[in-house]
Asker: 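Provided herewith is a single structure, encoded as structure tokens, for subsequent inquiry.
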Amino acid sequence: MSFLTIALQKSGRLSEQSVLLLKECGISISNGLNKLKTPADNYPLEIYFLRDDDIPEYVANGVADIGIVGENIIEELAVSVDVVEKLGFGKCRLSIAVPKQENYTDIHWLQGKKIATTYQNILKNFLSKNHIEAEIHEISGSVEIAPSIGLADAICDIVSSGSTLFINGLKEVETVLKSEAVLIANKNLNSEKKKLLQNLVFRIKSVKQSKNNKYILLNAPKNKVSEICKILPGIKSPTILPLADPEWCSIHSVVQEDVFWEIIEQLKNCGAQGILVIPIEKMIV
Ligand code: PRT
Ligand code: ZN
């Protein structure tokens, strides 16, 4: 019987969320989170735990069928894999930063300067697209200290909260790339493996959908139902149930997380009461 192999980061920023995503997809790994290779209990999937930098190449050459890694790594290594699905975690950006006292006006400030980075390919492309000639100084870690020790005028590194830059007296001046964790796949999977991948992607999509949506229940005066239904479109349309009080009914629907507070405000203005908001575990549309 065919099974898929998936490469996940062994220990680092993507590890926990990658395993959690599999768990939310109903795939459990009871045996061996600290091993290098372990089968899933209830899905034809074998998990390899690797350094994130190795994952794209292993997937490209078929050592693993699929993998989870940051877009920044895919972009830097420029390997040939299919990016199947964005996963919504590990969000960060690759940015250029300069010492905070510098009077940075625009990108031309970088002309002729020395920039330290571990992302030399992405940076090279970015600079050439912007017609900037700068010296790229490749270092393998602690990029943020390069300006203070006189190694470079600027850096190009991953930023998420910005606190590392702040602590090192740097300010972010250009965003080179936005990144999040993605599911990647080998380009030549056989049809059985493709089927298993499709099934996994279907599960991932329903997990993602459920996180972006909330189930909402509320009581509404009957004469406001049509107004409220316009605010709450639901998946097809809202469910309307009678209440013991003939003047009132209960409305159930699904709302998107990003417009949630706006909608609540509108519902209250329409006379909605007893609003309950409940997380959704899985959502298949
Ligand atoms: O050992 P291995 O090689 O597997 O791991 P690693 O140390 O190379 O990678 P790791 O675990 O640090 O990051 C894995 C992936 O997480 C990256 O490739 C990104 O896609 C993503 N990611 C998300 C981040 C960050 N956020 C992040 N903040 N990767 C690194 N950082 C570092 C950044 O390099 C800088 O030193 O965090 C610092 C900045 O963070 P803030 O919050 O201070 O701005
Ligand atoms: Zn790494």
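Model, not experiment: these values are computed from the prediction. We count ligands from 1, going down the list as the structure has it; atoms in each ligand are counted the same way.
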Asker: Any N/O of Tyr119 closer than 3.5 Å to an N/O of ligand 1?
Answerer: no
Asker: Between Val143 and Cys156, what is the shortest heavy-atom contact and its length?
Answerer: CG1-O, 4.2 Å
Asker: Which residue is it: Ile55, Leu14, Leu22? I am looking for the one with a side chain to side chain contact (heavy atoms under 4.5 Å, CB included) to Leu8.
Answerer: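 With Leu8 as partner, Ile55, Leu14, Leu22 yield a single side chain to side chain contact (heavy atoms under 4.5 Å, CB included), made by Leu22.
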Asker: Is Ile280 linked to Leu276 within one hydrophobic cluster, defined over Ile, Leu, Val, Met, Phe, Trp and Tyr using a side-chain heavy-atom separation of less than 4.5 Å?
Answerer: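 Yes, one cluster joins them.
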Asker: Considering all heavy atoms of both residues, which atom of Val79 and which atom of Pro56 are nearest to each other, and what is their separation?
Answerer: CG2-CB, 3.4 Å
Asker: Which ligand 1 atoms are under 4.0 Å away from a heavy-atom of Ser161?
Answerer: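 Contacts of ligand 1 toward Ser161, numbered from 1: 41 (P), 42 (O), 43 (O), 44 (O).
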Asker: Taking side chain as C-beta onward, heavy atoms only, is Leu20 less than 4.5 Å from Phe89?
Answerer: no
Asker: Which residue supplies the protein heavy atom nearest to atom 20 (O) of ligand 1, what is that atom called, and how far is it?
Answerer: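 Of every protein heavy atom, Asn72 OD1, 2.6 Å lies nearest to atom 20 (O) of ligand 1.
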Asker: May I ask you to decide if the ring planes of His252 and Tyr215 are parallel, tilted or perpendicular, using 30° and 60° as cut-offs?
Answerer: perpendicular
Asker: Quick one: look up the protein heavy atom nearest atom 28 (N) of ligand 1 and list residue, atom name and how far away it is.
Answerer: Ser160 OG, 2.9 Å
Asker: Please say yes or no: joined through hydrophobic side-chain contacts below 4.5 Å, possibly via intermediate residues, are Val159 and Phe166 part of one cluster?
Answerer: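 Not linked; separate clusters.
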Asker: Hey, are Glu102 and Lys171 close enough for a salt bridge, meaning a charged N less than 4.0 Å from a carboxylate O?
Answerer: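 The answer is no: the pair does not qualify as a salt bridge.
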Asker: Under 4.0 Å, heavy-atom basis, I'd like to know which part of Gln9 is in contact with ligand 1: side chain, backbone, both or neither.
Answerer: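 Side chain only.
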Asker: What residue and atom, counting heavy atoms only, is the protein's closest point to atom 33 (C) of ligand 1, and at what distance?
Answerer: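 Of every protein heavy atom, Ile158 O, 3.3 Å lies nearest to atom 33 (C) of ligand 1.
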Asker: Considering only non-hydrogen protein atoms, determine which one is nearest to atom 14 (C) of ligand 1 and report residue, atom name and distance to 0.1 Å.
Answerer: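 The answer is Asp52 OD2, 3.4 Å.
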Asker: Can you sort out which atoms of ligand 1 are near Asp157, meaning under 4.0 Å from one of its heavy atoms?
Answerer: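 Atoms satisfying the 4.0 Å criterion: 34 (O).
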Asker: Could you list the atoms of ligand 1 found under 4.0 angstrom from a heavy atom of Leu14?
Answerer: 15 (C), 16 (O)
Asker: For Gly70, counting its heavy atoms only, list the atoms of ligand 1 lying under 4.0 Å from any of them.
Answerer: 20 (O)
Asker: Around the Zn ion (ligand 2), how many protein N, O or S atoms are closer than 2.8 Å?
Answerer: 2
Asker: Answer yes if the side chains of Tyr104 and Glu174 hold a donor-acceptor pair under 3.5 Å, and no otherwise.
Answerer: yes
Asker: For Ile73, take its heavy atoms, then give the atoms of ligand 1 lying under 4.0 Å from any of them.
Answerer: 18 (O)
Asker: Which is it for Leu165 and ligand 1 at heavy atoms under 4.0 Å: side chain, backbone, both or neither?
Answerer: neither
Asker: Gly12 to ligand 1: N or O pair under 3.5 Å?
Answerer: no
Asker: Nearest heavy-atom pair of Tyr119 and Leu94: which atoms, and what distance?
Answerer: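 Looking at all heavy atoms of both residues, the closest pair is CD1-CD1, 3.6 Å.
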Asker: Which residue holds the protein heavy atom closest to atom 1 (O) of ligand 1, what is that atom called, and what is the gap in Å?
Answerer: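 Ranked first by proximity to atom 1 (O) of ligand 1 is Arg51 NE, 3.5 Å.
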Asker: Is the shortest distance from atom 7 (O) of ligand 1 to a protein heavy atom below 4.0 Å?
Answerer: no
Asker: Less than 4.0 Å between a side-chain N and a carboxylate O, is that true for Lys268 and Glu265?
Answerer: yes
Asker: I need the atoms of ligand 1 closer than 4.0 Å to a non-hydrogen atom of Thr164, numbered in the order shown.
Answerer: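 Close to Thr164: 38 (C), 39 (C), 40 (O), 41 (P), 43 (O).
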Asker: With heavy atoms only and a cut-off of under 4.0 Å, state how Val69 meets ligand 1: side chain, backbone, both or neither.
Answerer: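 No part of Val69 comes within reach of ligand 1.
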Asker: Using a 4.0 Å heavy-atom threshold (strictly under), name the region of Val159 that reaches ligand 1: side chain, backbone, both or neither.
Answerer: both
Asker: Kindly identify the option in Cys92, Ala97, Ser95 whose heavy atom sits closest to atom 26 (N) of ligand 1.
Answerer: Cys92
Asker: If you take the nearest heavy atom of each of Arg13, Lys91, Glu144, which one is closest to atom 27 (C) of ligand 1?
Answerer: Arg13
Asker: May I ask you to check if ligand 1 and Asp53 share an N or O to N or O distance below 3.5 Å?
Answerer: yes
Asker: Between Lys187 and Asp82, does any NZ, NE, NH1 or NH2 come within less than 4.0 Å of an OD or OE carboxylate oxygen?
Answerer: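 Salt bridge between Asp82 and Lys187, a charged N being under 4.0 Å from a carboxylate O: yes.
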Asker: Does the side chain of Ser95 pick up a donor-acceptor pair with the side chain of Glu172 at under 3.5 Å?
Answerer: yes
Asker: Taking salt bridge (Lys or Arg N to Asp or Glu O under 4.0 Å) as the definition, give me every residue that meets it alongside Asp65, ordered by chain and number, with sequence neighbours left out.
Answerer: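 For Asp65 the salt bridge (Lys or Arg N to Asp or Glu O under 4.0 Å) partners, ignoring immediate neighbours, are Lys193.
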Asker: Considering the options Lys86, Lys91, Lys178, Arg93, which one meets the salt bridge (Lys or Arg N to Asp or Glu O under 4.0 Å) requirement together with Glu71?
Answerer: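 That would be Lys86.
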Asker: Would you kindly confirm whether Leu189 and Ile184 end up in one hydrophobic cluster when ILVMFWY residues are joined by side chain heavy atoms under 4.5 Å apart?
Answerer: no
